[in-house]
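Because the structure is a prediction, the values reported are computed rather than measured.
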Amino acid sequence: MRLLHDVHIEKLIYGGYGLSHVEGKSLMVDYALPGERVDVEILKEKKDYMLGRAKRVLVASPERREAPCKYYGLCGGCQLQHMDYLAQVRAKENMLLETIERIGKINIDSLGPSLYSEEFGYRVKAQLKVENSSVGFYERQSHNLVEIDQCLLLHPLINDLIPSLKELARKMQGLREIHVVCSPTEEELVLKLISEEIIPKEKLRKLMENILPKKVVGLGLYKDGKIYSLGRDFIFVKVGPYRYRVSMDSFVQVNYKLWEKFIEYAVPTDSFDRVLELHCGIGFFSLFLAQRSNFLMAYDSNPSAIRDAEYNAKINSISNATFGLEKGLSALKRHAGDIIDLIFLDPPRAGLSEGEAQLILKNKPKSLVYVSCEPTTLARDLKVLVKGGYKITKLHMIDNFPNTYHIEAIAHLIME
C-alpha cells in the first residue's frame with residue numbers, strides 16, 4: 001500500500017471522508033477531520049480521485065475523540081465516532097447546506113433548528129450478517145465480517161439478544177442474515193432469518209422455543225422471499241397518542257428517540273382540506289397528517305406497509321384517511337386533476353422520479369413537505385421544484401443516524 005505523508009485535511013464531506021487534494025486529485029480519507037495533518041494509506045486510486053484512510057494523526061483536530069466503540073475502525077457501521085457528537089451535528093448541517101448549494105444551485109442562508117438525539121442506543125432495527133456461525137457487521141467497503149458482542153448504536157433489547165442469535169447461528173446451516181426489529185414501548189422483537197437453506201418448520205420452532213427469549217414474539221424464514229413465519233409476524237410500537245403495528249416486511253423509522261420530534265418537525269401546523277401523501281409506509285406520519293386535514297389519500301408500493309397503515313388507521317379511529325397500494329408516479333397520475341392543498345413526500349434514497357416532480361408542478365398544491373434520507377437527491381429535486389415556482393420556507397437537518405455519515409432532512413415549501 002502506498003503511503004502519503006503529512007496530508008492536510010481541508011473539510012469533511014458526505015460519506016464521512018476528510019477531503020484533501022494531492023497530486024492533482026481529490027483525496028478522500030477515512031477517519032480524518034478538518035484541519036488535521038495525517039499520514040494516509042491509499043486504498044484505491046482512480047484517474048481523478050484517491051481513497052485512503054488516516055494511518056497516523058500528526059496534528060489532531062480539537063474535535064477529535066477516542067472512539068467509544070471497541071470495534072470502531074474495523075466494523076463499517078459507523079464512520080464518525082472519532083468526532084465529538086455536537087461537532088458531528090454541525091458538520092452535517094454544513095454538508096447539507098453545501099449539497100443543496102452545489103447540486104441544487106440554491107443558496108439557503110440558515111437552517112431551521114436541527115433535530116438530534118442521544119448518540120447511542122437509538123436503533124430499533126439491525127441487519128446482522130452471519131458467516132460460519134459468527135454474527136456481526138461488515139468491515140467498511142468490504143464483505144469481511146467483524147464479529148461483535150454488542151453495538152453501541154443498538155437498543156439494549158437487541159444487544160441483549162445477540163448471545164441467543166449466535167447460538168441460533170451455530171444451530172442453523174445456511175443462515176446468512178438476521179434482521180431484528182424491536183419495540184422500545186412494548187419490549188418485544190421479531191426476527192427475519194435470511195437463509196440459503198430451508199429448515200423444516202418444526203425444527204425451527206424447537207430452536208425458537210429453546211434458544212430465543214420470550215420477548216421474541218415471532219420470526220420468519222426467508223429464501224428469495226418469505227417461506228413461512230412462526231408466532232406473530234409483527235410488533236406494536238407507540239408514538240405519541242397512537243399505537244402502530246409494524247410487520248416484518250414493513251419499515252419503521254430507525255431512531256426511536258426522535259419519533260415524536262420528527263413528526264413535530266415534519267407535519268405542518270396548518271389545516272388542509274385534501275392531502276396527498278406518497279411513500280406513506282405504515283402510516284407513521286399519516287395518522288398525524290389526518291389530524292390536520294379533512295381528507296388524506298396515502299400511497300405506498302409495499303403491500304405489507306399498506307396493510308399495516310390500514311390497520312393502524314382502524315385501531316386509532318382515523319376515519320378520514322384512505323390507503324392505496326401504488327407507486328408515487330401512478331398515484332400522482334390518479335390525482336392529476338384533483339385540487340390538493342398539501343403533498344407530503346417521504347421517498348426512498350433515489351428521491352423523486354422525473355415524472356413525479358413534473359406531475360407535482362402540474363398539480364401546483366399550495367404546500368409541499370419533503371422528508372429526505374439522501375441530501376444529493378433532495379438537492380436535485382428541490383432544484384426542479386424551486387425552478388417550477390416553489391419557495392423553501394424551512395429546511396431542517398435531522399440526525400437520525402448519529403456516528404454515521406447519513407443525513408436526513410425536512411424541507412417545507414410553498415407555491416409563490
For Phe401, all residues meeting ring pair (Phe, Tyr, Trp, His ring centres under 6.0 Å), sequence neighbours excluded: His406
Under the ring pair (Phe, Tyr, Trp, His ring centres under 6.0 Å) test, which residues partner His412, sequence neighbours left out?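 Partners of His412 under the ring pair (Phe, Tyr, Trp, His ring centres under 6.0 Å) test: none.
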In a table with atom names and distances, give each donor-acceptor pair under 3.5 Å that connects a side chain of residues 148-155 to protein atoms at least two apart or in another chain.
unit_1	atom_1	unit_2	atom_2	d
Asp149	OD1	Lys166	NZ	3.0
Asp149	OD2	Tyr71	OH	3.4
His155	ND1	Leu157	N	3.0

Flag for [Y]-[X]: side-chain donor and acceptor within less than 3.5 Å:
X: Glu119; Y: Asn403; answer: yes
X: Tyr138; Y: Asn144; answer: no
X: Ser195; Y: Glu197; answer: no
X: Ser114; Y: Glu93; answer: yes

How far apart are the closest heavy atoms of [X] and [Y], and which atoms are they?
X: Val254; Y: Lys125; result: CG2-CD, 3.9 Å
X: Lys192; Y: Met248; result: CD-O, 3.5 Å
X: Ser164; Y: Ile211; result: O-CG2, 3.4 Å
X: Asn400; Y: Tyr122; result: O-CE1, 3.5 Å
X: Leu193; Y: Met172; result: CD1-SD, 3.8 Å
X: Asn159; Y: Pro163; result: O-CD, 3.8 Å

Determine, step by step, whether Val275 and Ile340 satisfy the side chain to side chain contact (heavy atoms under 4.5 Å, CB included) criterion, reporting the C-alpha distance in whole Å, the side-chain angles of both residues, the deciding distance to 0.1 Å, and the verdict. CA-CA 6 Å; Val275 175; Ile340 297 167; 5.9 Å; no
Residues two or more places apart in sequence or in another chain: which of them pass side chain to side chain donor-acceptor pair (under 3.5 Å) with Glu45? Arg2, Lys25
Residues passing the side chain to side chain donor-acceptor pair (under 3.5 Å) test with Asp233, sequence neighbours excluded, are Lys226
Can any side-chain N or O of [X] pair as donor or acceptor with the backbone N or O of [Y] at less than 3.5 Å?
X: Asn302; Y: Asp249; result: yes
X: His82; Y: Ala67; result: no
X: Asn255; Y: Lys257; result: yes
X: Ser367; Y: Leu342; result: no
X: Asn312; Y: Asp308; result: yes
X: Glu10; Y: Gly35; result: no
X: Thr377; Y: Arg349; result: yes
X: Glu186; Y: Ser183; result: no
X: Glu139; Y: Val146; result: no
X: Glu36; Y: Ser61; result: yes

Quick check: do [X] and [Y] have side-chain heavy atoms less than 4.5 Å from each other?
X: Val29; Y: Tyr17; answer: no
X: Val371; Y: Leu345; answer: no
X: Val369; Y: Ile410; answer: yes
X: Glu177; Y: His179; answer: yes
X: Ile198; Y: Leu221; answer: yes
X: Leu86; Y: Tyr116; answer: yes
X: Leu278; Y: Asp346; answer: no
X: Ile108; Y: Glu101; answer: no

Do Arg65 and Tyr31 meet the cation-pi criteria used here (NZ or CZ under 6.0 Å from the six-membered ring centre, within 45° of the axis)?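 No, Arg65 and Tyr31 do not form such a contact.
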Within 45° cone of Phe234 ring axis and under 6.0 Å: Arg245 NZ or CZ: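 Verdict for Phe234: a cation-pi partner in Arg245.
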Go through Tyr405 and Tyr14 one step at a time and tell me if the ring-ring contact (aromatic ring centres under 6.0 Å, His included) criterion holds. CA-CA 6 Å; Tyr405 69 82; Tyr14 190 56; 5.4 Å; yes
Testing Arg90, Lys261, Lys92 one by one against Asp399 for a salt bridge (charged side-chain N to carboxylate O under 4.0 Å, His left out), which residue passes?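 Checked Arg90, Lys261, Lys92 against Asp399; only one passes salt bridge (charged side-chain N to carboxylate O under 4.0 Å, His left out): Lys92.
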Rounded distance (nearest 0.5 Å) linking atom [atom1] of [X] with atom [atom2] of [Y]:
X: Ile9; Y: Leu33; atom1: CD1; atom2: CG; answer: 8.5 Å
X: Leu128; Y: Ile158; atom1: CG; atom2: CD1; answer: 8.0 Å
X: Ser353; Y: Gln358; atom1: OG; atom2: CD; answer: 9.5 Å

Test: Glu167 and Lys171 ion pair at under 4.0 Å: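 Salt bridge flag = yes for Lys171 with Glu167.
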Go through Glu187 and Lys215 one step at a time and tell me if the salt bridge (Lys or Arg N to Asp or Glu O under 4.0 Å) criterion holds. CA-CA 7 Å; Glu187 296 211 341; Lys215 286 180 180 178; 3.4 Å; yes
Check against salt bridge (Lys or Arg N to Asp or Glu O under 4.0 Å), Glu356 and Lys327: CA-CA 10 Å; Glu356 284 176 310; Lys327 290 184 178 177; over 6 Å; no
For side-chain hydrogen bond (donor to acceptor under 3.5 Å, both in side chains), just list the numbers for His21 and Tyr49, CA-CA rounded to whole Å, side-chain angles, deciding distance to a tenth of an Å, and then say yes or no. CA-CA 9 Å; His21 289 88; Tyr49 77 93; over 6 Å; no
Begin with the C-alpha distance, continue with both residues' side-chain angles, and end with the deciding distance and a verdict on side chain to side chain contact (heavy atoms under 4.5 Å, CB included) for Leu191 and Leu161. CA-CA 11 Å; Leu191 310 181; Leu161 190 63; 3.8 Å; yes
Pair Leu219, Leu204 - check side chain to side chain contact (heavy atoms under 4.5 Å, CB included), show working. CA-CA 9 Å; Leu219 57 79; Leu204 189 54; 3.5 Å; yes
I'd like to know whether NZ of Lys206 has more than 12 heavy-atom contacts from other residues, nucleotides or ligands below 6.0 angstrom. no
Distance-only donor-acceptor hits, side chain of residues 282-294, under 3.5 Å, sequence neighbours excluded:
unit_1	atom_1	unit_2	atom_2	d
Ser286	OG	Glu277	OE1	2.5
Ser286	OG	Glu277	OE2	3.4
Gln291	NE2	Tyr242	OH	2.9
Arg292	NH1	Thr269	O	3.2
Ser293	OG	Leu289	O	3.0
Asn294	ND2	Asp273	OD1	3.1

Applying side chain to side chain contact (heavy atoms under 4.5 Å, CB included), run through Ile235 and Leu189 and close with a yes or a no. CA-CA 7 Å; Ile235 55 172; Leu189 308 99; 5.7 Å; no
